[in-house]
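In what follows, every chain begins at residue 1, and chains take the letters A, B, ... in the order their sequences are listed.
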2 protein chains.
Amino acid sequence: MDLSRTQQDYIKAIWNLDQLDKKAKMKVVADILLVKPPTVLAMFRQLSKLGIISYDKREGAKLTVAGRGEAEQLIRKHRLIETFLRSVLKIEEPLLHDEAEKLEHVISDQLIMKIDEYLNYPSTDPHGSIIPLSRVGDIQYALHEVEPDIPFKIIQIPMAGKEKNYCIDNDFLPGSEWKIKNVGPKNESFLVTNSEVYLAISDHMAEKIKVTIIRR
Amino acid sequence: MDLSRTQQDYIKAIWNLDQLDKKAKMKVVADILLVKPPTVLAMFRQLSKLGIISYDKREGAKLTVAGRGEAEQLIRKHRLIETFLRSVLKIEEPLLHDEAEKLEHVISDQLIMKIDEYLNYPSTDPHGSIIPLSRVGDIQYALHEVEPDIPFKIIQIPMAGKEKNYCIDNDFLPGSEWKIKNVGPKNESFLVTNSEVYLAISDHMAEKIKVTIIRR
DNA sequence: ATGATTTATTAGACTAGTCTAATTATTGGG
DNA sequence: CCCAATAATTAGACTAGTCTAATAAATCAT
């Protein structure tokens, strides 16, 4: 995952709106980021393709599980940086927030780990907000966590017997790329496709299958 | 002065080459910044227009006084950041340099002042290199320090008597924009122009006239 | 001092992120 | 339920920074 600074700004805006229980409609996001609606539309499409958000005209943009992961790592950085700047350099608002806003895009995972260690793994920032936990590396999800239409790659299928054969027979194997087309009522089954065939996966299989989100 | 990150990278490259007594030829700069020569040429032209460098095919790019000022503020930030990261977070090479390289473009003058204060105004960085002094704000120069062809704006002309009249008669006044066309032998006079008229300014006048570099 | 090699320059194209102007959808108030 | 206001979308254009391919200029080694 290598998102540009701009992409990160959009992700954060959507995350922040979600925290306030507001829909990330285009107009709203445009106003927050001081850009015009067509710009936001272009970025929403880009982020959808990357599996970071799903966008629907009337629902606005919604972060996928993958997108939420990205957002939380950004928030984690922001809050650790604020905590650090506050406690070491005694920086006050508004400088505190402004600098953190810039630094969060630039400080590496490695450095943020050092900062976390220095601060003795704080759980809240100077404003009392919770600092999300670290999840570095390629994040894995169980299949049932992934939203429809988000392309993913299979990492592991810990199956046996006829379930295993079912997967093998349909080329539903580690390394292959699929997406969820539809979710059955009460999440009891998932219709997946690799754009050649469609396959039904039961909920108890879906919970065991490990997957990563792929970017297009 | 609001230079992009990219512009700053070129300025630093030229400054670093100068420290090694090497000419900032296009090929060399291209190799350092991992870009191709046409890209460097485009940037050299841009920086020339901004009065940051002067470029000549066989001499390579040379920083103007204004450009050197920019470079030194960047170096100052870099070295203060390295010192801070080393002494507070015990960061080691190569992380130390890499992070400083990114942070120097993003940390404000205000924050760097806090860091300087925290470190108790160190004069050298962890490698023993000298940390340049701060010169924030719109930097002023005496006219005789400015290189030919670099456009500048007059800030102050502390003249009297017939010198004053000479300036007034020729609209050589605070607020007006000029550049040096030619420097006499032994720097004893400066031919300046505002693209309408040409004017000769003596060295002892030039030393008193305060000026800022302007960007086009 | 001339031909080979290297370097500089031009011309034209691409990407990401942005814009404006015009059009199409959606929505909410009488 | 219809229309006016608002929001979304399309189409087309711009900028900064980059590229490749082709040409021109400089340098260097015999």
Check [Y] with [X], please: is the shortest side-chain N to carboxylate O separation under 4.0 Å?
{"X": "B/Glu104", "Y": "B/Arg76", "result": "no"}
{"X": "A/Glu92", "Y": "B/Lys114", "result": "no"}
{"X": "B/Asp9", "Y": "B/Arg5", "result": "yes"}

Select one nucleotide: of [options], the one nearest the side-chain heavy atoms of [X].
{"X": "B/Pro38", "options": "C/dA21, C/dA25, C/dT9", "answer": "C/dT9"}
{"X": "B/Thr6", "options": "D/dG17, D/dT27, C/dT18", "answer": "D/dG17"}
{"X": "B/Val35", "options": "C/dT9, D/dT9, D/dC19", "answer": "D/dC19"}

Measure the distance from [atom1] on [X] to [atom2] on [N] and round it to the nearest whole Å.
{"X": "B/Leu3", "N": "D/dG17", "atom1": "CG", "atom2": "P", "result": "10 Å"}
{"X": "B/Lys25", "N": "D/dA25", "atom1": "NZ", "atom2": "P", "result": "16 Å"}
{"X": "B/Lys27", "N": "C/dT9", "atom1": "NZ", "atom2": "C1'", "result": "16 Å"}
{"X": "B/Lys23", "N": "D/dT27", "atom1": "NZ", "atom2": "P", "result": "9 Å"}
{"X": "B/Phe44", "N": "D/dA16", "atom1": "CZ", "atom2": "P", "result": "18 Å"}
{"X": "A/Gln8", "N": "C/dA16", "atom1": "CD", "atom2": "P", "result": "16 Å"}
{"X": "B/Leu41", "N": "D/dC19", "atom1": "CG", "atom2": "C1'", "result": "14 Å"}
{"X": "B/Tyr55", "N": "C/dT9", "atom1": "OH", "atom2": "C1'", "result": "9 Å"}

Return no unless some side-chain N or O of [X] is found under 4.0 Å from OP1 or OP2 of [N].
{"X": "B/Thr39", "N": "D/dG17", "value": "no"}
{"X": "A/Ser4", "N": "C/dG17", "value": "yes"}
{"X": "A/Gln7", "N": "C/dA16", "value": "no"}
{"X": "B/Tyr10", "N": "D/dA16", "value": "no"}
{"X": "A/Lys57", "N": "C/dA25", "value": "no"}

Name the residue closer to the 5' end of DNA chain C, choosing between B/Met26 and A/Lys36 according to the nucleotide with the nearest heavy atom. B/Met26

Would you check if there is a donor-acceptor pair between the side chains of A/Glu188 and A/Ser202 at a distance under 3.5 Å? no

Would you say the rings of B/Phe152 and B/Trp178 are close, in the sense that their centroids are separated by under 6.0 Å? no

